[in-house]
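This report concerns only the one structure given below.
The figures here come from the full heavy-atom set of this structure, side chains too, leaving out hydrogens, waters and symmetry mates.
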There are 2 protein chains.
Amino acid sequence: MSAELLNQLLAIGDLMRRDMARAFAGTPLTESRVAVLWTLRVSGASTQRDVAVALRVSGKNVSLLVDALESAGYVHRAKHPTDRRAVLLELTDSANALMAKMEREHAQLAETLVAAVSPGDVATVERGVTAIAARLSELVDEAAAAGDAT
Amino acid sequence: MSAELLNQLLAIGDLMRRDMARAFAGTPLTESRVAVLWTLRVSGASTQRDVAVALRVSGKNVSLLVDALESAGYVHRAKHPTDRRAVLLELTDSANALMAKMEREHAQLAETLVAAVSPGDVATVERGVTAIAARLSELVDEAAAAGDAT
DNA sequence: TATTGTTATACTCTATAACTATA
DNA sequence: TATAGTTATAGAGTATAACAATA
């Protein structure tokens with residue numbers, strides 16, 4: 001019974017990922033590259049290290065993702081104003097336009113999905129899902145800490 | 001407001017994936033390989049093609065995953081009783097034991113997460129999440145069909 | 001002729017380690 | 001000495017195309 005809820009949550013994550021990959025088929029964009037663009041959209045111009053920390057991936061990985069995004073015209077490596085070791089990643093105008101479009105689609109998808117829930121249940125569902133996400137975040141942090149200690 | 005719910009759902013999927021990858025660090029198992037084992041556990045002995053369809057990946061991909069799983073002793077390529085072109089994938093005893101362990105852990109995680117929701121809200125949350133998953137599945141199928149048609 | 005699985009080739013994501021330039 | 005980013009190397013997931021054996 002309770003396992004069914006977890007399975008539904010997993011299915012949702014899986015469906016979202018598949019759909020995203022499909023949506024960007026035929027473009028140079030992938031899930032990981034879009035994650036970089038999204039981080040820059042939310043946080044503003046950032047160093048590669050900032051992005052690596054935000055996405056919890058290696059600096060080398062960010063280098064490769066940015067290489068691809070830069071050559072495809074989505075981001076620009078600018079000089080950092082105070083630290084000459086660092087690079088400041090900025091979205092290009094076209095990437096900003098793309099992110100704005102994604103934000104609109106994201107909001108519209110959220111509305112569509114929430115509309116599938118009985119109006120009187122929405123607040124309760126949101127509260128429950130938020131509680132689950134918070135608890136899961138705790139568990140994952142604990143597991144990661146235990147793993148590091150080993 | 002409604003976007004917040006979608007973001008929480010996405011965060012849950014992301015956390016689950018990260019934790020799974022961490023849990024299998026140091027073993028030959030990865031998310032994709034476990035997905036193959038899980039499919040065989042649920043469906044019983046299957047051909048590689050069955051697995052490819054179930055996971056929606058290419059046949060070549062399944063070949064590689066099974067190569068790794070077979071050499072690590074998790075699956076066995078048996079002769080198909082009626083079709084000599086095909087191979088029948090079977091879990092080894094140790095893989096079956098591992099899957100049983102994962103099932104128990106999965107059930108326990110589900111209990112722990114459900115316990116984070118107010119008891120009176122659980123049924124409503126489960127109903128809401130199920131409705132969202134069903135609606136999302138429809139949308140993804142529609143999008144995929146539209147994409148194929150193009 | 002269609003299907004199952006493999007070989008061949010290529011792109012992407014990811015990580016660690018060593019190195020350069022700068023703090 | 002520590003940090004930001006790159007070069008080098010490597011494992012893993014994924015896809016398409018061509019090919020063999022079998023239906």
Side-chain angles (χ1 to χ4, degrees), chain A residues 14 17-18 20-22 24-39 45-72 74-90 144 147-148, chain B residues 14 17-18 20-22 24-39 45-72 74-90 144 147-148:
Chain A
D14 195 48
R17 289 181 57 213
R18 283 183 192 286
M20 187 169 190
R22 191 203 49 73
F24 289 114
T27 76
L29 293 176
T30 63
E31 191 181 352
S32 297
R33 291 172 187 175
V34 171
V36 172
L37 297 181
W38 194 259
T39 300
S46 312
T47 63
Q48 292 190 183
R49 172 146 202 289
D50 290 338
V51 173
V53 170
L55 300 183
R56 298 185 220 187
V57 295
S58 69
K60 163 65 177 174
N61 196 349
V62 174
S63 271
L64 288 174
L65 294 171
V66 171
D67 286 349
L69 288 168
E70 189 175 34
S71 73
Y74 292 99
V75 304
H76 171 236
R77 279 181 165 108
K79 288 177 184 169
H80 193 286
T82 61
D83 188 337
R84 287 195 300 178
R85 295 172 304 179
V87 139
L88 211 52
L89 301 175
E90 298 169 341
D148 287 348
Chain B
D14 195 47
R17 289 181 56 217
R18 283 182 193 286
M20 188 167 190
R22 191 201 51 72
F24 289 114
T27 78
L29 294 176
T30 63
E31 191 180 352
S32 296
R33 292 173 187 175
V34 170
V36 173
L37 297 182
W38 195 258
T39 300
S46 313
T47 64
Q48 292 191 182
R49 173 146 202 290
D50 291 338
V51 173
V53 170
L55 300 182
R56 300 185 221 188
V57 296
S58 69
K60 163 64 177 171
N61 196 351
V62 173
S63 271
L64 288 174
L65 293 171
V66 172
D67 286 349
L69 288 168
E70 190 175 34
S71 72
Y74 292 99
V75 304
H76 171 236
R77 279 180 165 109
K79 286 178 185 170
H80 192 288
T82 61
D83 188 338
R84 286 196 300 175
R85 295 172 305 179
V87 138
L88 210 53
L89 301 175
E90 299 169 340
D148 286 349

*Stretch residues 24-33 of chain B: residues that reach within less than 4.0 Å of DNA chain C through a heavy atom*: none

*asked:* Looking at every heavy atom in both Thr39(A) and Ala54(A), which two are closest together, and how far apart are they?
replied: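 Result for this residue pair: CG2-CB, 4.0 Å.
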
Extract all donor-acceptor atom pairs below 3.5 Å that involve side chains of residues 59-66 of chain A and protein atoms in other chains or at least two apart in sequence.
residue  : atom : partner  : partner atom : Å
Ser63(A) : OG   : Gln48(A) : NE2          : 3.4

Expressed as a whole number of angstroms, how long is the span from [X]:[atom1] to [N]:[atom2]?
X: Lys79(B); N: dT4(C); atom1: NZ; atom2: C1'; result: 16 Å
X: His80(A); N: dA4(D); atom1: NE2; atom2: P; result: 10 Å
X: Leu89(A); N: dA4(D); atom1: CG; atom2: P; result: 13 Å

Check: residues 80-87 of chain A side-chain donor-acceptor pairs under 3.5 Å, at least two apart:
residue  : atom : partner  : partner atom : Å
His80(A) : ND1  : Thr82(A) : N            : 3.1
His80(A) : ND1  : Thr82(A) : OG1          : 3.4
His80(A) : ND1  : Asp83(A) : N            : 3.0
Asp83(A) : OD1  : Arg85(A) : N            : 2.9
Asp83(A) : OD1  : Arg85(A) : NE           : 3.2
Asp83(A) : OD2  : Arg85(A) : NH2          : 3.0

_Within-4.5 Å side-chain heavy-atom neighbours: Leu29(A) and Tyr74(A)_ = yes

*Listed by chain and number, what are the side chain to side chain contact (heavy atoms under 4.5 Å, CB included) partners of Ala21(A), not counting sequence neighbours?*
none

_Tell me every residue that passes side chain to side chain contact (heavy atoms under 4.5 Å, CB included) with Thr30(B), counting only those two or more places apart in sequence or in another chain._
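With sequence neighbours excluded, Thr30(B) shows a side chain to side chain contact (heavy atoms under 4.5 Å, CB included) to Ser32(B), Arg33(B), given in chain and number order.
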
_DNA chain D contacts made by residues 46-55 of chain A, counting heavy atoms under 4.0 Å_ = Thr47(A), Gln48(A), Arg49(A)

_Using the salt bridge (charged side-chain N to carboxylate O under 4.0 Å, His left out) criterion, which residues pair with Asp14(A)? Sequence neighbours excluded._
Arg18(A)

*asked:* Checking Glu70(A) now: which residues fulfil side-chain hydrogen bond (donor to acceptor under 3.5 Å, both in side chains) with it, not counting sequence neighbours?
replied: Arg77(A)

_Check the phosphate of dC13(C) against Arg17(B), side-chain N and O only, distance under 4.0 Å to OP1 or OP2. Yes or no?_
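No, outside the criterion.
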
*Using a 4.0 Å cut-off on protein heavy atoms (strictly under), produce a 5'-to-3' string for nucleotides 15-23 of chain D with B for base contact, S for backbone-only sugar-phosphate contact, and - for none.*
BB----BBS

